[in-house]
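Chain letters run A, B, ... following the sequence lines, proteins first, then strands; residues in each count from 1.
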Amino acid sequence: MTRPAEDPRDDMLNALFSQAKDQVMAPSPEFLGRLLEEAYAAQPVVAPQPHPHPHVARAEPRLRHWLRRLAPPAGLATAGLAGFWLGFAQPAALMAPVVSLGDAVAGTGEVLEMVDLIPSLDGWLSEG
Amino acid sequence: MTMPLDDLSDLPEEALLARYAAGDRMAARVLVLRLSPRLLSYVYRLLRDRAEAEDVVQEALLRLWRMAPAWRPGEARVTTWLYRVATNLVTDRQRARQRRRVAALEDAPEPADSAPGAVAQLIEADRMAALEAALACLPERQRQAVILRHLEGLSNPEIATILEIGVEAVESLTARGKRALAAALAGQRAELGYEDEEALP
């Protein structure tokens, strides 16, 4: 395949382009100073983060590690204690709705757990 | 936090802008030193007036600083964004100029006449003057596309983003612009010393 003959005008133009490409205008120091001044003036002010005490900073990773390890057993222990307290202490505030429910169901004023919801059938079965 | 200049000099503009938004003053310095010479050259080529070119660069950079905290990485390149802002500012100024001085523009000299000493001397300054004069004769969009492609060395997709047109339109603009430049400079081959260079062994 033959290459089409190149236009000599293109050679000249390409030479001019490459020469012009290398010519980058140097900003004057005054102009650069103005640009910098504006850049600083427009720069957002970010509040500096308070630095922790060096001892705290050193201990922090270890503390985080132990907190991570203690988290599951601590949760379990808390749930266990709460269950124990609810089961045995029977605080009045918790018992009140239970008593009133028992009252509504059986009309006895007893705690719901004492109400015999399925009475014995013995009375019905007696003859005579 | 401010990093030393050496550590920042290799960072891309997007990373520097993020550091600028985080309060790094050295990042501001690196960005100004890196971006302003190229942008000033580009704007000067379009306006051919140093004071006006400096005003445009200053305004474009100010818009960049204000934009910095909201800059979304990966969405656009900082240089492409800056070229687009500068091009729009230049277009505004050129339109204002045209409104003010229509008569003066009509009397604009021909490229061959506007290059001082082009006939007499074969020096680099004459060649650049001839090229600038020929560029000045191109229609606005052609001139912008040719300068971005052949002098700033940007790719067609980048130019398309800057001029907010399609890639095919960029190709058409640069091709037509180049043909017009070649035609405008054709008569000055000898004056600019290109025939003498070819004659050399």
Report task. Could you check if a side-chain atom of A/Tyr40 sits within less than 4.5 angstrom of a side-chain atom of B/Arg29, using non-hydrogen atoms only? Result -> yes
**Report entry** Most contacts with chain B, counted as non-hydrogen pairs under 4.5 angstrom, among A/Ala42, A/Ala39, A/Ala41, A/Ser28
**Finding:** A/Ala39
Query raised in the report: At their closest point, which heavy atom of B/Leu185 faces which heavy atom of A/Met12, and how far apart are they?
Result: O-CE, 3.2 Å
Query raised in the report: Can you check whether A/Gln43's main-chain N or O pairs, donor with acceptor, with B/Tyr20's side chain at less than 3.5 Å?
Result: yes
Report summary line: Turns out that what part of A/Phe31 lies under 4.5 Å from chain B's heavy atoms comes down to side chain
**Report entry** Side chain proximity check, A/Glu38 to B/Leu61, heavy atoms < 4.5 angstrom
**Finding:** no
Query - Enclosure of B/Glu168 CD (heavy-atom neighbours >12, cutoff 6.0 Å) - result: no
**Report entry** A/Glu37 atom CD, neighbour heavy-atom count above 12 within 6.0 Å
**Finding:** no
Query raised in the report: So which heavy atom on B/Ser41 is nearest to which on A/Met25, and how close?
Result: OG-N, 2.6 Å
**Report entry** Option in B/Arg45, B/Glu152, B/Arg66, B/Arg38 with maximal non-hydrogen atom pairs under 4.5 Å from chain A
**Finding:** B/Arg45
Query raised in the report: Do A/Lys21 and B/His150 come close enough that some side-chain heavy atom pair is under 4.5 Å?
Result: no
Report task. Drop me the distance from B/Leu135's CG to A/Phe17's CZ, to the nearest 0.5 angstrom. Result -> 6.5 Å
Query raised in the report: Going by an N to O cut-off under 4.0 Å, is there a salt bridge joining A/Arg34 and B/Glu54?
Result: yes
Report task. Write down the atom of A/Ala20, the atom of B/Leu151, and the distance for their closest heavy-atom approach. Result -> CB-CD2, 3.6 Å
Report task. Between chain A and each of B/Leu181, B/Leu131, B/Val57, B/Leu40, count heavy-atom pairs under 4.5 Å; write down the option with the most. Result -> B/Leu40
Requested in this report: Specify which of B/Leu31, B/Val32, B/Leu64, B/Val146 makes the most heavy-atom pairs with chain A at under 4.5 Å.
Outcome: B/Val32
Query raised in the report: Taking all non-hydrogen atoms of both residues, which atom of A/Leu32 and which atom of B/Ser36 are closest, and how far apart?
Result: CD2-OG, 3.5 Å
Requested in this report: Heavy-atom distances under 4.5 Å only: say whether B/Pro37 touches chain A with side chain, backbone, both or neither.
Outcome: both
Query raised in the report: Relative to chain A, which segment of B/Ala28 carries a heavy atom at a distance below 4.5 Å: side chain, backbone, both, or neither?
Result: both
